[in-house]
**Q** 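Take this structure, written in structure tokens, and hold onto it; I'll ask about it next.
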Amino acid sequence: MKILKEIIPYVIIIVVVILIRTFIVTPVQVDGESMYPTLDNDEILILKKYDKTYERFDIIVFNYNGSKLVKRVIGLPGEKVAYKNNELYINDKKINDVITIGTTNFAYDKIPDGCYFVLGDNRGNSIDSRRIGVICNKDILGTTTFSIFPFNKFGFID
């Protein structure tokens, strides 16, 4: 009985940690240079699994072919997205983009409901919606706004 009393707190801690990682937050690692200069290769972020609302310029993590990719939301459901001369146009209106360099001219007509158009910040070196198409809600794991490693980048993402 005494051993059981000693083990119960540890079991509770393990269960709580598993529940938090499964449903609330978990670490995720950036793989590659597609989000440079905002994020670096191997940077570790906190993924907010509970955040299921996505706005323009949010950084999201989603499943693609068995990998977790980190990209920035550019286009929302129902919108038309275009880049002309490094300038972003949403529904034919110019929008100030957070990243303005390295985007080739392209256009995407009407993003389907429940889907998002995403780009990497390193626009010249990113596998994103220009190549893989729009990202659907079912594939999005959540958003990220906080970096935990390396320690010199610890804190909120600019």
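It should be emphasised that the depicted structure is a prediction, and the values quoted were computed from it without experimental measurement.
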**Q** Before we go on, tell me: are the rings of Tyr54 and Phe62 under 6.0 Å apart, centre to centre?
**A**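 Ring centroids of Tyr54 and Phe62 are no less than 6.0 Å from each other.
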**Q** If you measure from NZ on Lys84 to NZ on Lys94, what distance do you get to the nearest 0.5 Å?
**A**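 These two atoms lie 11.5 Å from each other.
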**Q** Could you tell me whether Lys68 atom NZ has more than 12 heavy atoms of other residues or ligands within 6.0 Å of it?
**A**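 Counting neighbours around NZ of Lys68, 12 or fewer heavy atoms of other residues, nucleotides or ligands fall under 6.0 Å, so no.
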**Q** Is the Phe156 ring parallel, tilted or perpendicular to the Phe146 ring (thresholds 30°, 60°)?
**A**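 Correct class here is perpendicular.
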**Q** Could you tell me if the side chain of Val73 sits less than 4.5 Å from the side chain of Phe117, heavy atoms only?
**A**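 No. Closest side-chain heavy atoms not under 4.5 Å.
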**Q** Run through Lys71, Arg130, Arg72, Met35 and flag the one making a side-chain contact (heavy atoms from CB on, under 4.5 Å) with Leu119.
**A**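 Only one of Lys71, Arg130, Arg72, Met35 forms a side-chain contact (heavy atoms from CB on, under 4.5 Å) with Leu119, namely Arg130.
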**Q** Just wondering, more than 12 heavy atoms not from Ile8 lying within 6.0 Å of its CD1?
**A**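 Enclosed: over 12 neighbouring heavy atoms sit under 6.0 Å from CD1 of Ile8.
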**Q** Please round to the nearest 0.5 Å and tell me the distance separating atom OG1 of Thr26 and atom CZ of Arg21.
**A**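 Between atom OG1 of Thr26 and atom CZ of Arg21 there are 3.5 Å.
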**Q** Looking at side-chain heavy atoms only, is the closest gap between Ser67 and Asp31 below 4.5 Å?
**A**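 Counting from C-beta outward, Ser67 and Asp31 never come under 4.5 Å.
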**Q** Quick check: closest heavy atoms across Gly75 and Arg56, and the distance to 0.1 Å?
**A**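 Distance-wise, the nearest heavy atoms are CA-NH1, 4.0 Å.
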**Q** Between Asn122 (side chain only) and Tyr36 (backbone N and O only), is there a donor and an acceptor less than 3.5 Å apart?
**A**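 No, because the side chain of Asn122 does not come within donor-acceptor range (under 3.5 Å) of the backbone of Tyr36.
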**Q** Are any non-hydrogen side-chain atoms of Leu88 and Val81 less than 4.5 angstrom apart?
**A**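 Answer yes - side chains close enough.
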**Q** side-chain contact (heavy atoms from CB on, under 4.5 Å) between Thr145 and Ile59: does it pass, once the steps are laid out?
**A** CA-CA 7 Å; Thr145 58; Ile59 298 174; over 6 Å; no
**Q** If you compare all heavy atoms of Cys115 against all heavy atoms of Pro77, which two are closest, and at what distance to 0.1 Å?
**A**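 So the two residues come closest at O-CG, 3.2 Å.
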**Q** Answer yes if Val11 and Ile3 sit in the same cluster of Ile, Leu, Val, Met, Phe, Trp and Tyr residues linked by side chain heavy atoms under 4.5 Å apart, and no otherwise.
**A**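 In one cluster: yes.
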**Q** Let me check something: do Val17 and Val28 share a hydrophobic cluster, defined by ILVMFWY side-chain heavy atoms less than 4.5 Å apart, either directly or through other members?
**A**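 Different hydrophobic clusters.
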**Q** If I take atom OH from residue Tyr89 and atom NZ from residue Lys80, how far apart are they, to the nearest 0.5 angstrom?
**A**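 Those atoms lie 11.5 Å apart.
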**Q** Mark yes when over 12 heavy atoms from residues, nucleotides or ligands other than Glu6 sit less than 6.0 Å from its CD; otherwise mark no.
**A**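 Atom CD in Glu6 is packed in, count exceeds 12.
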**Q** Any side-chain heavy atom of Ile157 within less than 4.5 Å of one from Leu45?
**A**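 Yes, side chains in contact.
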**Q** Within a reach of under 6.0 Å around CG of Asn41, are more than 12 heavy atoms found that belong to other residues, nucleotides or ligands?
**A**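 Yes, the 6.0 Å shell around CG holds more than 12 heavy atoms from other groups.
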**Q** Transitively linked via ILVMFWY side-chain contacts under 4.5 Å: Val134 with Tyr64?
**A**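 No: no chain of side-chain contacts under 4.5 Å links Val134 to Tyr64.
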**Q** Below 4.5 Å, heavy atoms only, C-beta onward: do Val30 and Asp40 meet side chain to side chain?
**A**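 No, their side chains stay 4.5 Å or more apart.
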**Q** Would a 4.5 Å heavy-atom cut-off, applied to side chains only, mark Ile132 and Asn65 as touching?
**A**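 No, their side chains stay 4.5 Å or more apart.
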**Q** If you take all heavy atoms of Lys52 and Lys49, which pair is closest and at what distance?
**A**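 Scanning both residues completely, I find the closest heavy atoms to be CE-O, 3.0 Å.
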**Q** So Leu39 and Asp121, side-chain contact (heavy atoms from CB on, under 4.5 Å) or not? Walk me through it.
**A** CA-CA 9 Å; Leu39 303 173; Asp121 286 358; over 6 Å; no
**Q** When clusters are formed by joining ILVMFWY residues with side-chain heavy atoms under 4.5 Å apart, either directly or through shared neighbours, do Phe23 and Leu47 land in the same one?
**A**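 They do not share one cluster, since no chain of ILVMFWY contacts under 4.5 Å joins Phe23 to Leu47.
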**Q** Is Ile127 atom CD1 crowded by more than 12 heavy atoms from other residues, nucleotides or ligands, each under 6.0 Å away?
**A**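 Incorrect, the count does not exceed 12.
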**Q** In the single-linkage hydrophobic clustering (I, L, V, M, F, W, Y; side-chain heavy atoms under 4.5 Å), do Ile12 and Leu19 co-cluster?
**A**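 Shared cluster, yes.
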**Q** Using the rule given for side-chain contact (heavy atoms from CB on, under 4.5 Å), can you reason through Val98 versus Thr38, listing the C-alpha separation, both sets of side-chain angles and the distance that settles it, and then say yes or no?
**A** CA-CA 10 Å; Val98 293; Thr38 308; over 6 Å; no
**Q** More than 12 non-hydrogen atoms from neighbouring residues, nucleotides or ligands closer than 6.0 Å to CG on Asn105, yes or no?
**A**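 It does: Asn105 CG has more than 12 such atoms within range.
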**Q** Using a 4.5 Å cut-off on heavy atoms from C-beta on, say whether the side chain of Phe154 contacts that of Ser147.
**A**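 Sidechains of Phe154 and Ser147: no contact.
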**Q** Do Asn63 and Leu141 make a side-chain contact, defined as non-hydrogen atoms from C-beta onward lying under 4.5 Å apart?
**A**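 Touching, per the 4.5 Å side-chain cut-off.
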**Q** First locate atom CD of Gln29, then atom CD1 of Ile148, and finally report the distance between them rounded to the nearest 0.5 Å.
**A**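 If we round to the nearest 0.5 Å, Gln29:CD and Ile148:CD1 are 10.0 Å apart.
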**Q** Passes side-chain hydrogen bond (donor to acceptor under 3.5 Å, both in side chains), Asp58 versus Thr143? Steps please.
**A** CA-CA 7 Å; Asp58 282 354; Thr143 63; 5.8 Å; no
**Q** What distance do Ile90 atom CD1 and Ile74 atom CD1 have between them, rounded to the nearest 0.5 Å?
**A**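 Between atom CD1 of Ile90 and atom CD1 of Ile74 there are 7.5 Å.
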**Q** Looking at every non-hydrogen atom in both residues, tell me the closest pair between Ile46 and Thr144 and how far apart they are.
**A**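 For Ile46 versus Thr144, the nearest heavy atoms are O-OG1, 2.8 Å.
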**Q** Can you tell me how far the CG atom of Asp97 sits from the CG atom of Asn86, to the nearest 0.5 Å?
**A**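 Answer rounded to 0.5 Å: 9.0 Å.
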**Q** Tell me whether the count of non-hydrogen atoms from other residues, nucleotides or ligands lying under 6.0 Å of CG in Asp158 goes above 12.
**A**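 No, CG of Asp158 has 12 or fewer neighbouring heavy atoms, counting only those of other groups under 6.0 Å.
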